[in-house]
Amino acid sequence: MRRIDARSLRGLAHPLRMRILEAIELGGPATSSKLATRLGENTGTISWHLRLLAEHGYLEEDPDRGTKRERWWRIPGRTFLDPAEFLDDPETRRALDVYLRDLVERYYDRVRTYVDEDWPAEWQHAAGLSDWRDLRLTPEQLHDLNEEIGAVIDRYTETAPAEGSERVIVQLQSFPRRS
């Protein structure tokens with residue numbers, strides 16, 4: 001897992017670059033022309049952003065696909081962002097704000113899409129839109145809670161897909177609130 005540093009955060013904090021990464025995360029490796037079609041953008045613009053994402057370590061060329069004319073891009077691994085690392089630098093803080101606000105909008109859009117779709121009863125019964133508003137935790141306890149939930153999700157990520165499975169998004173937002 002790679003930690004996002006200030007330079008790479010500034011390279012990521014652009015709405016189109018974040019959409020490109022999400023498209024590859026959800027749809028798998030892709031070419032600039034496939035991404036341009038999917039995202040409704042110009043191929044040249046997508047290509048430029050792909051190279052920038054690769055320069056910052058978010059993407060790499062997929063050597064098992066494509067030709068010299070057709071470059072396929074994939075995500076090399078997971079990244080980790082600790083927002084607390086960027087609070088003292090005003091320029092990086094602006095990039096962090098762009099990144100986090102775009103991320104929250106994307107999370108909202110995913111839930112809205114699910115709610116707007118017509119899923120069979122078995123999937124509606126299995127899905128969950130829940131929140132727990134009365135937890136009282138220390139920062140260490142909140143960190144531990146997130147680590148434990150992440151470990152559970154990792155267990156399911158590492159298993160082979162069962163027959164009848166669908167791709168599932170698990171979103172977890174955990175943060176303190178002021179009364």
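This is a predicted model, so every value here is computed, not measured.
Connection of Val98 to Leu87 is not established within any shared hydrophobic cluster, with ILVMFWY side chains joined at heavy-atom distances below 4.5 Å, either directly or through further cluster members. The cluster map of Ile, Leu, Val, Met, Phe, Trp and Tyr, joined by side-chain heavy atoms under 4.5 Å apart, puts Leu100 and Tyr108 in different clusters. Using a 4.5 Å cut-off between side-chain heavy atoms of Ile, Leu, Val, Met, Phe, Trp and Tyr, with links allowed through other members, Ile75 and Trp72 fall into different hydrophobic clusters. Note: the hydrophobic cluster containing Ile153 does not contain Tyr107 (ILVMFWY, side chain heavy atoms under 4.5 Å, direct or indirect links). Residues Leu81 and Leu21 share a hydrophobic cluster, clusters being chains of Ile/Leu/Val/Met/Phe/Trp/Tyr side chains in contact below 4.5 Å.
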Asp5 vs Ser8, side chain to side chain donor-acceptor pair (under 3.5 Å): CA-CA, chis, key distance, verdict:
CA-CA 5 Å; Asp5 61 20; Ser8 64; 2.9 Å; yes
Are Arg38 and Leu35 close enough, and set up right, to give a side-chain contact (heavy atoms from CB on, under 4.5 Å), and what steps lead you there?
CA-CA 5 Å; Arg38 192 178 317 162; Leu35 290 166; 4.3 Å; yes
Worked verdict on Thr31 versus Arg71 for side chain to side chain donor-acceptor pair (under 3.5 Å):
CA-CA 6 Å; Thr31 64; Arg71 297 168 76 182; over 6 Å; no
What do the steps show when you test Arg65 against Trp73 for side-chain contact (heavy atoms from CB on, under 4.5 Å), and what is the final call?
CA-CA 9 Å; Arg65 298 176 188 227; Trp73 298 92; over 6 Å; no
Chi angles and distances behind the side-chain contact (heavy atoms from CB on, under 4.5 Å) call for Glu148, His143
CA-CA 9 Å; Glu148 289 177 41; His143 176 269; over 6 Å; no
Report the C-alpha separation of Leu129 and Val115 in whole Å, then their side-chain angles, then the decisive distance to 0.1 Å, and conclude whether the side-chain contact (heavy atoms from CB on, under 4.5 Å) test is met.
CA-CA 10 Å; Leu129 298 175; Val115 169; 4.0 Å; yes
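Looking at every heavy atom in both residues, Asn146 comes nearest to Ser174 through OD1-OG, 2.7 Å. Of all the heavy atoms in Gln171 and Val111, the pair that sits closest is NE2-CG2, 3.4 Å. A pairwise comparison of heavy atoms in Ser32 and Ile46 identifies O-CG2, 3.7 Å as the closest pair. Closest heavy-atom contact between Arg74 and Pro63: NH2-CD, 3.6 Å. Here the closest heavy-atom approach between residue Glu85 and residue Ile4 is recorded as OE1-O, 4.2 Å. For the pair Trp123 and Gly164, the tightest heavy-atom approach, listed with the atom from each and the gap, is CZ2-O, 3.8 Å.
Checking side-chain atoms of Gln124 against main-chain N and O of Trp119 turns up a donor-acceptor pair under 3.5 Å. Using modelled atom types, one side-chain atom of Asn42 and one backbone atom of Gly44 make a donor-acceptor pair closer than 3.5 Å. Within the 3.5 Å criterion, the main-chain N or O of Pro161 finds no donor-acceptor partner in the side chain of Ser165.
Within the structure, the salt bridge (Lys or Arg N to Asp or Glu O under 4.0 Å) test picks out the following pairs touching residues 98-113 (sequence neighbours left out): Glu22-Arg106, Glu22-Arg110, Asp102-Arg106.
Enclosure of atom CG in Asp88 is not indicated, since only 12 or fewer non-hydrogen atoms of other residues, nucleotides or ligands lie within 6.0 angstrom. Within 6.0 Å of CG on Asp131 lie more than 12 heavy atoms contributed by other residues, nucleotides or ligands.
To the nearest 0.5 Å, atom NE2 of residue His14 and atom CD1 of residue Ile20 are 9.0 Å apart. The distance from the CD atom of Glu140 to the CD atom of Glu147 is 13.0 Å, given to the nearest 0.5 Å. Taken from CD1 in Ile24 to NZ in Lys34, the straight-line distance is 12.5 Å, to the nearest 0.5 Å. To the nearest 0.5 angstrom, Glu60 atom CD is 13.0 Å from Leu50 atom CG.
When each of Arg7, Arg10, Arg17 is checked for a salt bridge (charged side-chain N to carboxylate O under 4.0 Å, His left out) with Glu55, only Arg7 meets the rule.
Here Glu41 pairs with Arg19 in a salt bridge; the nearest charged N to carboxylate O distance falls below 4.0 Å. Under the 4.0 Å criterion applied to side-chain N and carboxylate O atoms, Arg93 and Asp89 are not assigned as salt-bridge partners.
Within the cation-pi definition used here (under 6.0 Å to the ring centroid, within 45° of the axis), Arg2 qualifies as a partner of Tyr58.
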